[in-house]
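Only one structure is covered here, and it is reproduced in the block below.
Numbers here are sequence positions counted from 1.
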Amino acid sequence: MRGLRTAGGLLGLMLLGCLVAGLLPAAEPLPEPLTLAAALRFADAGHPDLQLAAAGIEAARAEGLRARALTGVRASLEAEARYVGVSPLAADTSPNDSRARLQLNKRLYDFGRSRASLAAAAAAQRAQQARYLDTRLQRRLDILGRYLDVLLADLDFRVQDEAMSIAYVRLDRARDRFELGQISEIELLRRENDYQVLRSRRYAAEAARRTRRVRLAEALGRPGELSRTLVEPGWRVDALELPELEALTREVLAANPGLRALQAELEQARQRVQAARAGRRPVLSGELATSRYARDYGFRDRWEAGLVLEVPLFTGGRVAAELAAAQARRQEAEAELALAQRDLRQRVAELWEEIRVLRAQRQETQTRLDYRDLYLDRSRALYELEVETDLGDAMTLSTEARLREAQRGYRLLLAWAELDALRGKNRWLPLAATEEEGVKP
């Protein structure tokens with residue numbers, strides 16, 4: 001009976017687990033085959049980088065609430081229960097001397113402290129929103145790069161697989177010729193060595209296919225879901241016009257989201273310096289209070305209203321410490337902004353030159369690809385006419401030419417995508433674009 005009860009309990013737990021699993025929303029599976037547009041739709045799907053950026057926005061909002069609270073109305077209720085010994089000659093001989101007091105307080109003017117705090121909070125929100133945009137663009141760049149890495153790994157595997165297959169066929173023929181005494185043992189070992197080298201490269205290329213798919217799955221936020229087939233993107237960048245370097249640099253420095261975030265952080269630091277300096281200035285507040293007493297002495301006030309001017313005379317070094325910390329943060333923000341501007345100018349120049357070089361290299365690669373295709377066609381014709389007995393070299397060279405063409409084409413696409421991301425644009429990384437439509441210049 002105990003065994004039956006145990007089995008029944010386990011069955012109940014299993015049924016409950018199935019029910020809960022059925023109620024939970026199922027994660028959308030990765031499409032098969034996977035397109036680049038479909039992969040980019042996962043860019044905003046709860047990635048830790050985006051969660052950190054969103055948390056920064058919420059922290060900046062909290063800072064704004066804290067700054068507004070400086071000039072807000074504060075209310076407090078004070079209740080005191082007292083029991084006293086009363087003289088028999090008193091007018092009110094009750095021993096209950098309890099009282100209650102409701103007090104309202106509002107800062108009316110603090111000579112710039114609250115205004116600077118509010119400005120610093122607003123600058124912090126602008127900074128975090130710009131960082132969130134920059135994070136979204138970087139997420140799409142990361143997915144694009146990892147997607148193209150998988151395509152290149154597949155092409156490289158094809159090259160290494162073809163080369164190994166051809167080497168195996170040649171090794172098998174060499175073994176037959178060695179048995180017939182047509183080649184020496186040294187020649188046979190040379191063929192064996194060539195085959196083993198290419199076999200190792202093929203296994204390394206196969207491992208690279210898996211590891212790059214793992215990286216893509218992690219970038220998509222779908223660990224363990226390795227896509228079998230990826231569709232080559234149809235985006236074209238050859239017809240795009242490259243602006244002049246000076247104009248491009250000015251545009252990046254004016255529109256880069258990361259730079260805008262640093263500029264807002266610098267403004268935040270400057271406003272915090274102003275707020276810290278205002279710590280030496282007076283604070284004017286208004287107070288309103290009402291009180292109720294259990295015993296009435298006749299001279300106790302029921303209502304009070306007044307203005308309170310608080311003038312700091314000595315703060316024990318607190319204001320000086322806050323001001324020094326704020327000034328140090330301002331200097332740090334100025335240095336960070338200057339460094340970011342320098343890095344951006346350098347990166348724009350590198351991308352500009354890289355695009356120009358890649359365009360020239362693509363023309364060379366396309367010419368080589370045309371040559372390899374014609375060479376393969378000629379080799380295939382000679383093979384069919386039994387003039388040649390091996391198509392291996394022509395096939396391998398043709399596949400290698402396609403790999404080089406893809407490498408330079410994908411690198412050109414990545415360079416344009418990064419350049420647009422630096423300008424805060426999303427032209428190359430739209431969520432709704434399809435490879436078949438392409439991207440219009």
Would you tabulate the side-chain donor-acceptor contacts of residues 49-59 under 3.5 Å, counting partners in other chains and residues two or more places apart, or write 'none'?
{"residue": "Q51", "atom": "NE2", "partner": "G46", "partner atom": "O", "Å": "3.2"}
{"residue": "E58", "atom": "OE2", "partner": "R61", "partner atom": "NH1", "Å": "2.8"}

Check your understanding: Looking just at side-chain N and O atoms, do Q196 and E192 make a donor-acceptor pair shorter than 3.5 Å?
Key -> yes

Check your understanding: Under 3.5 Å, side chain of R213 to main-chain N/O of L226, donor-acceptor pair present?
Key -> no

Check your understanding: Hey, does the side chain of R281 reach the backbone of F111 with a donor-acceptor pair shorter than 3.5 angstrom?
Key -> yes

**Study point:** Residues R158 and D154 bridged, charged N to O under 4.0 Å
**Key:** no

Study note, to complete from the structure: Closest non-hydrogen contact found for L70 with R107 is O-CB, 3.6 Å

Check your understanding: Would you say the side-chain atoms of E206 pair up with the backbone N or O of F157, donor to acceptor, closer than 3.5 Å?
Key -> no

Point to revise | Check: P33 main-chain N/O paired with R228 side-chain donor or acceptor under 3.5 Å | key: no

N/O donor-acceptor pairs under 3.5 Å from side chains in residues 115-127, not counting sequence neighbours:
{"residue": "S117", "atom": "OG", "partner": "R113", "partner atom": "O", "Å": "3.0"}

Practice item. Answer yes or no: is there an ion pair linking E218 with R146, defined by an N-O contact shorter than 4.0 Å? Key: no

Check your understanding: Is it true that R139 and D44 have a side-chain N and a carboxylate O under 4.0 angstrom from each other?
Key -> no

Review point. Are any side-chain N or O atoms of K106 and backbone N or O atoms of R74, one a donor and one an acceptor, separated by less than 3.5 Å?
Key: no

Practice item. Taking atom types as modelled, find out whether Q327 and Q331 have a side-chain donor-acceptor pair closer than 3.5 angstrom. Key: no

Practice item. Flag the pair R99 and E78 as a salt bridge only when some basic side-chain nitrogen lies within less than 4.0 angstrom of an acidic carboxylate oxygen. Key: yes

**Study point:** Flag, side chain of Y147 to backbone of L34, donor-acceptor distance under 3.5 Å
**Key:** yes

Between side-chain atoms of residues 283-290 and protein atoms elsewhere (two or more places apart, or another chain), which donor-acceptor pairs fall under 3.5 Å?
{"residue": "E287", "atom": "OE2", "partner": "N105", "partner atom": "ND2", "Å": "3.2"}
{"residue": "T290", "atom": "OG1", "partner": "R292", "partner atom": "NH1", "Å": "3.2"}
{"residue": "T290", "atom": "OG1", "partner": "R302", "partner atom": "O", "Å": "3.1"}

Check your understanding: Is there a donor-acceptor contact under 3.5 Å from the side chain of W352 to the main chain of L242?
Key -> no

